[in-house]
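The shown structure was predicted, so the numbers you read here are calculated from the model rather than taken from an experiment. Heavy-atom basis, side chains included; hydrogens, waters and symmetry copies ignored. Each residue takes its place number in the sequence, starting with 1.
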Amino acid sequence: MAVEVEKQTAKPAFDEEAASALEKELRATFASAKTRSYQWRESQLKSLLKLITSNELAIVDALRSDLSKPELESQVYEISMLKGSCKLALKALRNWMKPEKAKTSLTTFPSSAEIVSEPLGVILIISAWNYPFLLSLDPVVGAIAAGNAVVLKPSELAPATSSLLAKLVGEYMDSSSIRVVEGAVAETSALLDQKWDKICYTGNGRVGRIVMASAAKHLTPVLLELGGKSPVVVDSGINLQVATRRIIVGKWGCNNGQACISPDYIVTTKDFAPKLVDSLKRELENFYGKNPLESKDLSRIVNSNHFARLTKLLDEDKVSGKIVLGGERDKTNLRIAPTILLDVSRDSLIMNEEIFGPLLPILTVDRVEESFDLINSGTKPLAAYLFTNNKKLKEHFVRTVSAGGLVVNDTTIHLAVPSLPFGGVGESGMGAYHGKFSFDAFSHKKAVVYRGFAGDASVRYPPYTKGKLRLLKALIGGGILSIIRAVFGWSKA
């Protein structure tokens, strides 16, 4: 009897039928025009801000449960950044929603034109586990601001945060327009089988390809935030202590290297490498102590699969002998100490996939300028960093290195500049968001031309003549002089 009751009360699986029903429900809400009004958008952004501010301790606890993430990192890089996104959207929303005036030409004279931002419709957001709170809700801010209905699929690899998101979004947000679906591969696949008006996915390239293939069936546009091997070029003649500290906080201070914009490898000259290694050793000990496995300021590896993946990278024959600091592991507690490797072979596993962990290889070149060719020989990264005081080297770096974003003399901080787009290029992603770019990412820019009934020129109507052809060619492709010539018949068709 108990078994029978359990069967009756068990939570139904979220399958393709449930996904289809959810998509239809939200599409009906969107069709009602409910989400298009300024009032709805404002109210939902305020509710989202309240969700964050009223539940900070629960959010910190969930992130600690999922990743052993230090409270400072949770507060600064997830909670505060998301608050900032909400506040900016609330402050700028009316201005973002206003039509943009556009110039018209003689071809349509007399007329006026504007660009109207309209919501795309129903958005699917699939987020990542490494910053599971920020990367789930930051795109939601843009989607709401743009007036869309939203389905959020948090990562199952951060189960405490996923569960908290489902609970809080259900309590604070408009459930007729904004929903959370928990689950793993089966649930994600069921969602991807539906037709959405845009899909935003944050994660790795392998899954990104699956998302893109599913989207192609419905000609659905995608925003992909993927990652890649983000390099750091270190020149000599710099403040080495400051540079080292900024590299460390960008690598190990960002979820222990489990961040898409964390430094993935360093390139420096053979002559300067020993000084850099010594500085890294010194500052890492200052930050995390002599036994970093016991440090409370380092996140753990997310799960045993990723621990095994990182262990495989570290234990490869081409790599294991190159460790100059770290390498200690605690399998039980899923911890790996900050690890530096010098002169790793470029054909090793660690140099041919995104590391996404606390391992940092250093490659050496004869001249620092050679580093740019090395970077460009691989796929385009999500971020690239340069430390130098050389003006020409800075200019050469900006001109020649293609990446989602560049930072000179620091790491990762471009993520905190809301006036900059955040996104990848090539295999590191497509599309961008943050600030106004988030609003634009989930809007369609609709072209609108206004005309009256006066000034109706017969030149565009049949019967067609050589004179009409001359004038239309001049109006469309020529200047004032060409138009005058056409009017007076001084030019040939």
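For Asn390, there are no side-chain hydrogen bond (donor to acceptor under 3.5 Å, both in side chains) partners, not counting sequence neighbours. The salt bridge (Lys or Arg N to Asp or Glu O under 4.0 Å) test applied to Glu353 returns Arg309, not counting sequence neighbours. Partners of Asp264 according to the salt bridge (Lys or Arg N to Asp or Glu O under 4.0 Å) rule, which considers only residues two or more places apart in sequence or in another chain, are Lys229. For Lys69, the side-chain hydrogen bond (donor to acceptor under 3.5 Å, both in side chains) partners at least two apart in sequence or on another chain are Glu78. Residues forming a side-chain hydrogen bond (donor to acceptor under 3.5 Å, both in side chains) with Thr412 (at least two apart in sequence, or on another chain): none. For Val368, the side-chain contact (heavy atoms from CB on, under 4.5 Å) partners are Val233, Asp235, Thr269, Ser371, Leu393, not counting sequence neighbours. Residues passing the side-chain contact (heavy atoms from CB on, under 4.5 Å) test with Ala308, sequence neighbours excluded: none. Residues forming a salt bridge (Lys or Arg N to Asp or Glu O under 4.0 Å) with Asp61 (at least two apart in sequence, or on another chain): Arg64. Shown here are the ring pair (Phe, Tyr, Trp, His ring centres under 6.0 Å) partners of Phe397, two or more places apart in sequence or in another chain: Phe372. Remark: Arg367 pairs with Glu369 by the salt bridge (Lys or Arg N to Asp or Glu O under 4.0 Å) rule, at least two apart or across chains. Residues passing the ring pair (Phe, Tyr, Trp, His ring centres under 6.0 Å) test with Phe439, sequence neighbours excluded: Trp96.
Pairs engaging residues 151-170 under the ring-ring contact (aromatic ring centres under 6.0 Å, His included) rule: none recorded [sequence neighbours left out].
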